[in-house]
J.: 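Quick one: this structure, given as structure tokens, is what I'll be asking you about.
When a ligand or atom number is given, it counts from 1 through the structure's own listing order.
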Amino acid sequence: MAVAGQAKLKVLIRRAAIQKRVREVAQQITKDFKGERVHIIGVLKGACIFLSDLVREISLDTSIDFIAVSSYGKGKQSSGQVRVLKDLDSSIEGLNVVLVEDILDTGVTLSYLIRVLQQRRPKVLHIAALLDKPSRRIKEVKAHYVGFTIPNEFVVGYGLDYAERYRNLKDVCVLSLPPE
Ligand code: IMP
Ligand code: MG
């Protein structure tokens, strides 16, 4: 599909496959925390669509919060520096926390967030990432729940952006930009 500026989008994971996998991940979370409450924390903004589909498939007592961090500028490359732009609204002490991310790439963002959140003494801290690009890892991070492991391609859609665009695509697509 051709879009403005001749960027090209190629479907990598279709909507139906995403829906099926999100349901499976939610079932696993439901099983892992059977009979308990889970506190779901979404990393803004990329995780918002994954989180909203995921929570509706979790059959547990659930609460939701969000945290926003910056690591990427407008482009495809990480600046390598993470900072909290919007903190959680409430304490996570003693809670079963599932931290929901759109994609685990270099691991810089999640390793930072894990360190920050562990200091607040949750009972459990599990990581759920819709996508995992293990070939790009700089920091050792393992997600408890991974939707799909993908090759080293820049992807957009289902919450993931390029310069804030394409988050609304229903499929996860590989984005190819024309040479500058
Ligand atoms: P990490 O710190 O390198 O693991 O990167 C995590 C963040 O980078 C994610 O939350 C995304 O916002 C962004 N990111 C990494 N890879 C991609 C991609 O392929 N498409 C869109 N955003 C990405
Ligand atoms: Mg992003």
J.: Can you sort out which atoms of ligand 1 are near Thr109, meaning under 4.0 Å from one of its heavy atoms?
T.: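 Near Thr109, meaning under 4.0 Å from one of its heavy atoms, ligand 1 has 1 (P), 2 (O), 5 (O), 6 (C).
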
J.: Is the shortest distance from a Lys or Arg side-chain nitrogen in Lys123 or Glu93 to a carboxylate oxygen in the other one below 4.0 Å?
T.: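 Here Lys123 does not pair with Glu93 in a salt bridge, since their nearest N and O are not under 4.0 Å apart.
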
J.: Using distance alone, determine whether Val155 and ligand 1 share an N or O pair under 3.5 Å.
T.: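 Val155 vs ligand 1: N/O contact under 3.5 Å present.
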
J.: Would you call Arg15 and Asp171 a salt bridge, taking side-chain N to carboxylate O under 4.0 Å as the test?
T.: no

J.: Could a heavy atom of Lys139 be found less than 4.0 Å from some atom of ligand 1?
T.: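 Lys139 does not count as a contact of ligand 1 under the 4.0 Å cut-off.
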
J.: When you look for heavy atoms under 4.0 Å from ligand 1, do you find them on the side chain of Asp102, its backbone, both, or neither?
T.: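 Side chain only; the backbone of Asp102 stays clear of ligand 1.
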
J.: What do you reckon, does Leu175 put a non-hydrogen atom under 4.0 Å from ligand 1?
T.: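 Not so, Leu175 does not reach ligand 1.
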
J.: For Gly107, is the nearest heavy atom under 4.0 Å from an atom of ligand 1?
T.: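 Heavy atoms of Gly107 do come under 4.0 Å of ligand 1.
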
J.: Below 4.0 angstrom from a heavy atom of Thr106, which ligand 1 atoms are there? Numbered from 1 as shown, please.
T.: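 Going through ligand 1 atom by atom, the ones under 4.0 Å from Thr106 are 1 (P), 2 (O), 3 (O), 4 (O).
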
J.: Any idea which part of Asp105 is under 4.0 Å from ligand 1, heavy-atom wise: side chain, backbone, both or neither?
T.: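 Within the 4.0 Å criterion, Asp105 contacts ligand 1 through backbone and side-chain atoms alike.
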
J.: Taking only heavy atoms of Val108, which atoms of ligand 1 are found under 4.0 Å from at least one of them?
T.: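 Once the distances to Val108 are compared, the set is 2 (O), 4 (O).
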
J.: Looking at ligand 1, is there an atom of it that comes within less than 4.0 Å of some heavy atom belonging to Leu160?
T.: yes

J.: Give a yes or no answer on whether the side chain of Thr62 reaches the backbone of Leu60 with a donor-acceptor pair at less than 3.5 Å.
T.: yes

J.: Give a yes or no answer on whether the side chain of Arg14 reaches the backbone of Val172 with a donor-acceptor pair at less than 3.5 Å.
T.: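 Between the backbone of Val172 and the side chain of Arg14 there is no qualifying donor-acceptor contact (under 3.5 Å).
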
J.: Counting only heavy atoms closer than 4.0 Å, does ligand 1 sit against the backbone of Glu153, its side chain, both, or neither?
T.: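 The answer is the backbone of Glu153.
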
J.: If two hydrophobic side chains count as joined below 4.5 Å and joins carry through other members, does Leu125 share a cluster with Val146?
T.: no

J.: One thing to verify: whether Arg167 and Asp102 come together as a salt bridge, which I'm taking to mean a side-chain N less than 4.0 angstrom from a carboxylate O.
T.: no

J.: Measuring only between side-chain heavy atoms, which start at C-beta, is Ser176 closer than 4.5 Å to Glu153?
T.: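 With C-beta onward as the side chain, the pair stays apart.
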
J.: So, do Asn168 and Tyr158 sit near enough that their side-chain heavy atoms are less than 4.5 Å apart?
T.: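 SC-SC contact between Asn168 and Tyr158 ruled out.
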
J.: Closest by any non-hydrogen atom to atom 18 (C) of ligand 1: pick that one out of Tyr162, Phe154, Tyr166.
T.: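 Among Tyr162, Phe154, Tyr166, the closest heavy atom to atom 18 (C) of ligand 1 belongs to Phe154.
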
J.: Looking at ligand 1, does any of its N/O atoms fall within less than 3.5 Å of an N/O of Leu110?
T.: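 Checking ligand 1 against Leu110, no N or O pair falls under 3.5 Å apart.
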
J.: Closer than 3.5 angstrom, by distance alone: can the side chain of Asp65 be matched with the main-chain N or O of Ser90 as a donor-acceptor pair?
T.: yes

J.: Show which atoms of ligand 1 fall inside a sub-4.0 Å distance from at least one heavy-atom site of Glu101.
T.: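 This gives 9 (C), 10 (O) as the contact atoms.
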
